[in-house]
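Letters go in sequence order (proteins before strands), and every chain restarts at 1.
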Protein chains: 4
Amino acid sequence: MNNKQVLNKRQRIINGAIAVFSRKGFYKATIEEIAEQADVGKGTVYEYFSSKKELFQEMFLYTEEKYEEMFHRGLSDAVMFQDKLQKMFQITMRFLNCHKEMAQILLAGYPPVAEDIQKVLIGKNQQNITKISKILEEAITRQEIRPVDTGAAAKVILGTLFFVGGQVLFSEDEKESGFNLLAQNVVDIILQGLLLT
Amino acid sequence: MNNKQVLNKRQRIINGAIAVFSRKGFYKATIEEIAEQADVGKGTVYEYFSSKKELFQEMFLYTEEKYEEMFHRGLSDAVMFQDKLQKMFQITMRFLNCHKEMAQILLAGYPPVAEDIQKVLIGKNQQNITKISKILEEAITRQEIRPVDTGAAAKVILGTLFFVGGQVLFSEDEKESGFNLLAQNVVDIILQGLLLT
Amino acid sequence: MNNKQVLNKRQRIINGAIAVFSRKGFYKATIEEIAEQADVGKGTVYEYFSSKKELFQEMFLYTEEKYEEMFHRGLSDAVMFQDKLQKMFQITMRFLNCHKEMAQILLAGYPPVAEDIQKVLIGKNQQNITKISKILEEAITRQEIRPVDTGAAAKVILGTLFFVGGQVLFSEDEKESGFNLLAQNVVDIILQGLLLT
Amino acid sequence: MNNKQVLNKRQRIINGAIAVFSRKGFYKATIEEIAEQADVGKGTVYEYFSSKKELFQEMFLYTEEKYEEMFHRGLSDAVMFQDKLQKMFQITMRFLNCHKEMAQILLAGYPPVAEDIQKVLIGKNQQNITKISKILEEAITRQEIRPVDTGAAAKVILGTLFFVGGQVLFSEDEKESGFNLLAQNVVDIILQGLLLT
DNA sequence: CATGAATGAGCGTTCATTCAT
DNA sequence: CATGAATGAACGCTCATTCAT
């Protein structure tokens, strides 16, 4: 039970951090407000995280992890590349819509925070590119798609994913149906291209 | 001449702001450093801008404007949609590479700054979508491209543009040739899509 | 045995306090580090001492006591005043050199700690003066030394003792021979004075 | 006049620092109280001193300087060594009595402050020893005193000076006559020694 | 008795903003 | 108009002390 309590407290702080950081951004967020949100004392935050920066990083990693879990679980049963791409967008849209607070943090691609935090973000991006590239290579091997530059294609996909994600996030009307249609149209373009054939 | 001097001073402050804000981000940047950079007194900044936030907004608008100018000029002599898309990427890459400082600000799509600044950024994005959409509609009318959802297509283009832009910006090696190849590959995918035909 | 354990724990805390207070000074020292050093829980310190301040005072008293013990034992077999003075310096130097940690605390004559701690230190100083004065009076009675103002003489002796002690403590080279020579020269001056006779 | 104002403000802060640091010691003193004492805003302190530590050091140096000035002026017309020694004590006592606040700082020989501050204090002490040693060498050359170990003698003098100084400082009764008598007796002992001749 | 997780008062420091010159 | 000295609100972080277990 003791162990459980500890986990609970750390988790509560992370949750408070997600709420406050995404509402206010790194600099406007105050440790005091995060502590209040988590219903713990200000000092307690420092029992679990050595600094505001570390708390931000840990929270970011945690958020990323959650997203990746959902991502993997969602893609696991898709075999064809088309399905995979479709799923990517659907999952991302749903995730963003359900976890708006976390989402803003994921999407703030290059926030002007301290340099070492930026490095973490850039690194994460690189990993994402690699991951998508692998999926693309596989699809090429299976002759599902054209033998394109996988790095470039990964960037088209991720860029679109993030941009559309941002749109969803900051749009006022939040109907899932709308998101799904948007996702479908976007996927269609990435798959078919724009040109008349 | 007096008038000219005033313009000069305002401009110098804007330039200082571009330099410092993009190097340090909104919160780490200090009015003092901007004033130094502009070679004016700290108080003088407040003669031309009522607050740090306003200075940021004005600077952002100015930067956007510069980018748009270059954008329009670059696209003006392209007739075919393919050329236009190609140019978009080339111009953007070149702009980012030449004005790295400004660029970071343009790319920080959803920076966690004060809310009212965010609104400006979101609005700007909306305008960009509309602009690209118009170009797409035109291309559809001319039967250059498939009759796709122009909003969705605009998002693919802009998302890719921004994402690739970010990549260019934060990559260490800065060879134009590399950027151009990347731009070409990316444009190819957007135009042709991924599927085997 | 229970009783013994208690004494052990109290003593361990005192020893931890000596180590940490003298290494870091009163304010930089933390209860946590003292507890660690003593290998007890942080809360346990408060079972034996009601506050950081009290711990400091108790530790100081303990240290003083140890010094005085050594002092008395060392002087016990000296009969002549000259021998006594010589011993005083030798004992003090040796004590300082062996217990550098404790020593700093003894020598911090007027440390800017909380007022009530200062009072204790001042009181201790007064006692020292009285003690030396008695020895001097005795020596005068025995006609070993001139009938000087014993209070003044005690201050010369103690002042020199402390000052030279500080020198020894903060000097890098720690050869006993050097200390002994210094002690001898200093004692010579106090005994013979400076004037040509 | 502008220049004068600036000097005034810096000086006011130094004076506030002297008052508060000597009343409370380094750690208990707060910048806020120093600022209040100096009748300036808290931020203003940081216009003139980059940190609490720097303020302390500057204040210390200033205090030392004042003392040394008085010291030199006082000794300048003394020719014989006996007179010089007498003056040293008289001047020091008077200084301490007049500037009790500053004095505590000068006397806190080895206060447990941050290490780099301690280095400054130890260095200052070394200088004092050298200075007194020179005076002693001169006196030896002139055959005014015995050819003693000047380093040792300097330590006797300084140690006594500081110790007696501390006594004066923390004694409640503050009659100059008392101090002068004490000074005289102490000087007598240092000059004549304790032994019957 | 022993513990250490939890707490919050308190302080050093920064910096946007003001205003007297 | 231009300046920069002055300001104080605000925040990150520390650590003595408490108390539930």
Spacing of [X] atom [atom1] relative to [N] atom [atom2], expressed in whole Å:
X: D/Phe49; N: F/dA6; atom1: CZ; atom2: C1'; value: 15 Å
X: A/Arg12; N: E/dT7; atom1: CZ; atom2: C1'; value: 13 Å
X: B/Arg10; N: F/dC1; atom1: CZ; atom2: P; value: 13 Å
X: B/Glu33; N: F/dG4; atom1: CD; atom2: P; value: 16 Å
X: A/Tyr48; N: E/dA6; atom1: OH; atom2: C1'; value: 8 Å
X: B/Glu36; N: F/dA2; atom1: CD; atom2: C1'; value: 16 Å
X: A/Asp39; N: E/dA6; atom1: CG; atom2: P; value: 12 Å

Looking at every non-hydrogen atom in both residues, tell me the closest pair between [X] and [Y] and how far apart they are.
X: B/Ser51; Y: B/Tyr46; answer: CA-CE2, 4.1 Å
X: C/Leu55; Y: C/Ile13; answer: CD1-CG2, 4.0 Å
X: A/Val20; Y: A/Ala29; answer: CG1-CB, 3.6 Å

Query raised in the report: Do B/Lys52 and B/Phe26 meet the cation-pi criteria used here (NZ or CZ under 6.0 Å from the six-membered ring centre, within 45° of the axis)?
Result: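 Yes.
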Report task. Identify the nucleotide, in any strand shown, that forms a Watson-Crick or G-U wobble pair with F/dC1, with both distances under 3.5 Å; if there is none, say none. Result ->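 In the structure as shown, F/dC1 has no Watson-Crick or wobble partner.
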Query - Counter-base of E/dA6, judged by Watson-Crick or G-U geometry with both distances under 3.5 Å - result: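 WC or wobble partner is F/dT17.
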**Report entry** Pair A/Glu47 + A/Lys9: basic N to acidic O under 4.0 Å
**Finding:**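 No salt bridge links A/Glu47 with A/Lys9.
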Query - Value rounded to 0.5 Å, distance of CD1 in A/Ile14 from CG in A/Leu61 - result: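 Output value for this atom pair is 9.0 Å.
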Query raised in the report: Does D/Val45 or B/Val40 map to a spot on DNA chain F nearer the 5' end, using the closest nucleotide for each?
Result: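 The 5'-side residue here is B/Val40.
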Query - Sequence-aligned protein contact record of nucleotides 10-15 of chain F, with B where the base is within under 4.0 Å of a protein heavy atom and S where only the sugar-phosphate is - result: BSSBBS
Query - Member of A/Gln37, A/Arg23, A/Met59 meeting the side-chain contact (heavy atoms from CB on, under 4.5 Å) criterion with A/Ile18 - result: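 Of the listed options, the one satisfying the test is A/Met59.
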Query raised in the report: C1' atom, E/dC1 versus F/dT21: distance in rounded Å?
Result: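 E/dC1 and F/dT21 have their C1' atoms separated by 12 Å.
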